[in-house]
Amino acid sequence: MPITVHFAPAGLWDAYQPAMVAALQAAGLDAHLTLDAPDPGAVDYIIYAPSATLQDFTPFTRTKAVLSLWAGVERIVGNATLTQPLCRMVDPAMTETMVAWVVGHALRLHLGMDAHINNPGHVWNPVCPPAPRERPVAMLGMGALGTACATALTALGFPVTGWSTGPKVVPGIPCLQGEDGLAQALATAQIVVTLLPRTPGTENLLDARRLAMLPRGAYVLNPGRGPIIDDAALIAALDTGQVGHATLDVFRVEPLPADHPFWAHARVTITPHIAADTRPATACTVIADNIRRSEAGLPLLHLVDRARGY
Ligand code: NDP
């Protein structure tokens, strides 16, 4: 009897179906991938993304796991009908992509590239950027993505301090926790990267008080989630020069409304939530492997902790 895998985000079917079928086969699974679920009680696994119309998980009585195509699960984790285990996406290609975004945007600011790219007066101004070792970085969030980005920046010579909920041991990266740890990480950070999930605990984490803890002129990179930063406090800090530049990929409202002051601010760079997308080829392998583990009685990987919200 094949296992039934319901692919809920119908709009992504064409992009994912061939890779998902191939990955299920490669994992040695006798699986039937289905776009429709006329009998929810017969579904063993659900592949989910926020674009899916599926909201009521109650009829899926046999479902052993809901497997998210997204790393961030804030749009499903609070669904009271979802009693099945929920796994988030940890996709090696997405991680690589996030590392490229963070390193690229950090290097742009570190090297002062804009002054050389936009130099209409052809001014010869030989000011060398500091060495990476002179540019401390705070990585807020040391999960799958934060750890990979912190490790890549460390390899380039930047002294990175990590910050997360629980203790972490990452070679070459001191990792701090709690309010004191955050204050310590921010006090020296010339670049702050936020790779935190959106939860009640991270809402407005970078507010006026915490932005004031940064050395003057520090750079903020936010590829995590928009609500982690208090927008008004960030604009005020940019206006005074307390924050030298903010490169933002995520926003409270997306697409970012045309009249939002971020668009017109000279010290803000906006990328349209493209820092790291889930990639079908790798993501399907991750999902198929998790189903294989579950069918073999092994624990699911990347399980979401409902109480913590990520
Ligand atoms: P993980 O769940 O692996 O890591 C989250 C990290 O945040 C963990 O280190 C966790 O600490 C820490 N954390 C959570 N809450 C707090 C808190 N209140 N205080 C301190 N630390 C906290 O997630 P990922 O690394 O995979 O992804 C991070 C986020 O990146 C996603 O939730 C998503 O919002 C965003 N994202 C953005 C994308 C984009 O294109 N812009 C693409 C993909 C993801 P601990 O380790 O102790 O639990």
Side-chain angles (χ1 to χ4, degrees), residues 49-50 67-78 86-106 138-153 160-170 173-186 192-207 210 220-229 246-256 269-279 282-283 286 290 300-310:
L67 304 155
S68 170
L69 290 177
W70 282 34
V73 290
E74 69 272 15
R75 285 161 70 177
I76 183 179
V77 73
L86 171 65
C87 299
R88 51 188 217 88
M89 178 50 64
V90 177
D91 165 13
M94 178 167 61
T95 302
E96 262 173 50
T97 313
M98 183 62 83
V99 168
W101 189 95
V102 168
V103 169
H105 286 283
M139 185 63 63
L140 309 187
M142 284 292 286
L145 298 175
T147 300
C149 293
T151 303
L153 289 167
V160 181
T161 300
W163 184 72
S164 57
T165 311
K168 293 264 177 301
V169 179
V170 184
I173 303 175
C175 292
L176 306 174
Q177 294 80 45
E179 192 62 42
D180 289 351
L182 180 58
Q184 196 180 321
L186 294 179
V192 184
V193 185
T194 61
L195 272 165
L196 295 158
R198 179 182 183 178
T199 68
T202 61
E203 179 99 20
N204 287 328
L205 186 101
L206 285 186
D207 58 8
R210 297 209 179 95
V220 172
L221 307 186
N222 185 18
R225 282 293 181 262
I228 294 166
I229 300 184
T247 300
L248 310 172
D249 185 58
V250 284
F251 305 91
R252 284 168 193 272
V253 178
E254 294 180 4
L256 184 66
T269 298
I270 289 162
T271 61
H273 202 147
I274 45 80
D277 201 7
T278 303
R279 307 289 155 141
T282 41
V286 170
N290 230 354
L300 287 160
L301 298 175
H302 319 309
L303 260 181
V304 171
D305 179 331
R306 303 295 171 84
R308 298 203 298 181
Y310 68 95

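Indexing begins at 1, ligand by ligand and atom by atom, following the structure's order.
Side chains of Thr278 and Asp91: no donor on one and acceptor on the other come within 3.5 Å.
Under the 3.5 Å distance criterion, the side-chain polar atoms of Asn222 are left unmatched by any main-chain donor or acceptor of Leu248.
Side-chain atoms of Leu153 and Met139, non-hydrogen and from C-beta on, do get closer than 4.5 Å to each other.
Near ligand 1, residues Ala71, Gly72, Arg88, Met94, Met98, Gly141, Met142, Gly143, Ala144, Leu145, Gly146, Trp163, Ser164, Thr165, Gly166, Lys168, Leu195, Leu196, Pro197, Gly201, Thr202, Pro223, Gly224, Arg225, Asp249, Val250, His273, Ala275, Ala276, Arg308, Tyr310 come within 4.0 angstrom through at least one heavy atom.
Across Thr97 and Ala276, no two heavy atoms sit closer than the pair CG2-CA, 3.9 Å.
A salt bridge links Glu179 with Arg210: at least one charged nitrogen is closer than 4.0 Å to a carboxylate oxygen. Taking the charged nitrogens against the carboxylate oxygens, Arg252 and Glu203 do have a contact shorter than 4.0 Å, which makes a salt bridge.
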